[in-house]
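Down below is the structure, laid out as structure tokens.
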2 protein chains.
Amino acid sequence: MTNTTLTPAQMAERTGVSLDTLRYYEREGLLDDVERADNGHRRYSEDDALWIEVLRCLRATGMTIEQLRHYCELGAQGDTTKPERRQILLDHRRLIERQIEERREALRLVDHKLEHYREIT
Amino acid sequence: MTNTTLTPAQMAERTGVSLDTLRYYEREGLLDDVERADNGHRRYSEDDALWIEVLRCLRATGMTIEQLRHYCELGAQGDTTKPERRQILLDHRRLIERQIEERREALRLVDHKLEHYREIT
DNA sequence: CAACAAGCTGGAGTGCACTCAAGGTCAAGT
DNA sequence: ACTTGACCTTGAGTGCACTCCAGCTTGTTG
């Protein structure tokens, strides 16, 4: 759809994912094979950028490479896998909510410990 | 203060930290040397239990073993290190808040993707 | 045209936080 | 007396997710 192309360096800059990691994700099947320029260099599309953002976000919230690979494989298998993919997202959503709750508790605990330190800066 | 003692198994059960990990934390200096029964077996105090809860919580929110060790070393050095320990907690507090924010964004993104899947089930 | 930057591949290496294994002690139960 | 189970120590092994390296090609710049 979008033909804007991004070099690996631009993609790394934009998404905060390192060059090595971008290549690693592609090798692991988390990224459809990326377009190439005539010289063989990768040219990422705008859609790639959006998907890599999603990858970054799911990774940052604890989805494993293995789970992401599975999700991608399902996507490649077509529409019949939609319910399963949806379920994966729902499950991960609940995980994220638990993480938020866990962190709220952590804040409480840290604040409690900090009261112990009320003193000079 | 509290003399209630807990066996390793009880402590693992109570804190959700495995036996191996409890020993590992002690080896790494994250735990003051634990009391021993006559037979050499560990006997954790109620205070140990509270501290292990703190460890679990700080670990779960991304503090590294190295940072925890440093925090413990400061504690062992006495009251003059209080400001630095306080600062460590303040820094970690900000980290946790960023994690919560990151996860709120992740929820938005996942929800957005889920809209794509509004369908059966 | 030389030199440098950017990227390529395949494969090896790294760091972290556990986790497991081997061989032993000790107390209690049968 | 023997077995079981909980625990001990030292040291090695594991899994994950990168991250780095060597040696190469290609395109640009002074």
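Proteins get letters first, then strands, A, B, ... in listed order; numbering begins at 1 in each.
Across residues 12-31 of chain B, B:R23 each have a non-hydrogen atom less than 4.0 Å from an atom of DNA chain D (numbered order). Across residues 53-67 of chain B, B:R59, B:T64, B:I65 each have a non-hydrogen atom less than 4.0 Å from an atom of DNA chain C (numbered order).
Summarising the local packing, CD of B:E13 is surrounded by 12 or fewer heavy atoms from other residues, nucleotides or ligands at distances under 6.0 Å. Within a 6.0 Å radius of CD in B:E35, no more than 12 heavy atoms belonging to other residues, nucleotides or ligands are found. Annotation for B:D32: atom CG does not count as buried by contact number, only 12 or fewer foreign heavy atoms lying within 6.0 Å. The neighbour count for A:Q10 CD, taken as heavy atoms of other residues, nucleotides or ligands under 6.0 Å away, is above 12.
Between the CZ atom of B:R36 and the C1' atom of C:dA27 there is a distance of 17 Å, rounded to whole Å. A:H41 places its NE2 atom 8 Å from the C1' atom of D:dG27, with the value rounded to the nearest Å. Rounded to whole Å, the distance from CG on B:N39 to P on D:dC8 is 8 Å. Summarising the geometry, the separation between CG on B:L68 and P on C:dC16 is reported as 13 Å, rounded to the nearest angstrom. Here the C1' atom of nucleotide C:dC26 and the CZ atom of B:R43 are 12 Å apart, to the nearest Å.
By the 4.0 Å N-to-carboxylate-O rule, A:E102 lies too far from A:R98 to be salt-bridged with it. Using a cutoff of 4.0 Å between basic side-chain nitrogens and carboxylate oxygens, A:D20 and A:R23 are scored as salt-bridged.
Taking side-chain N and O atoms only, A:R42 has a distance below 4.0 Å to OP1 or OP2 of C:dC8.
Here the options are B:R93, B:R94, B:Q99, the test is side chain to side chain donor-acceptor pair (under 3.5 Å), and the partner is B:E97; only B:R93 passes.
The aromatic rings of A:Y71 and A:W51 sit parallel, their planes meeting at an angle under 30°, below the 60° perpendicular limit.
As judged by a 4.0 angstrom heavy-atom cut-off over every strand, A:A37 is placed among residues making no nucleic acid contact.
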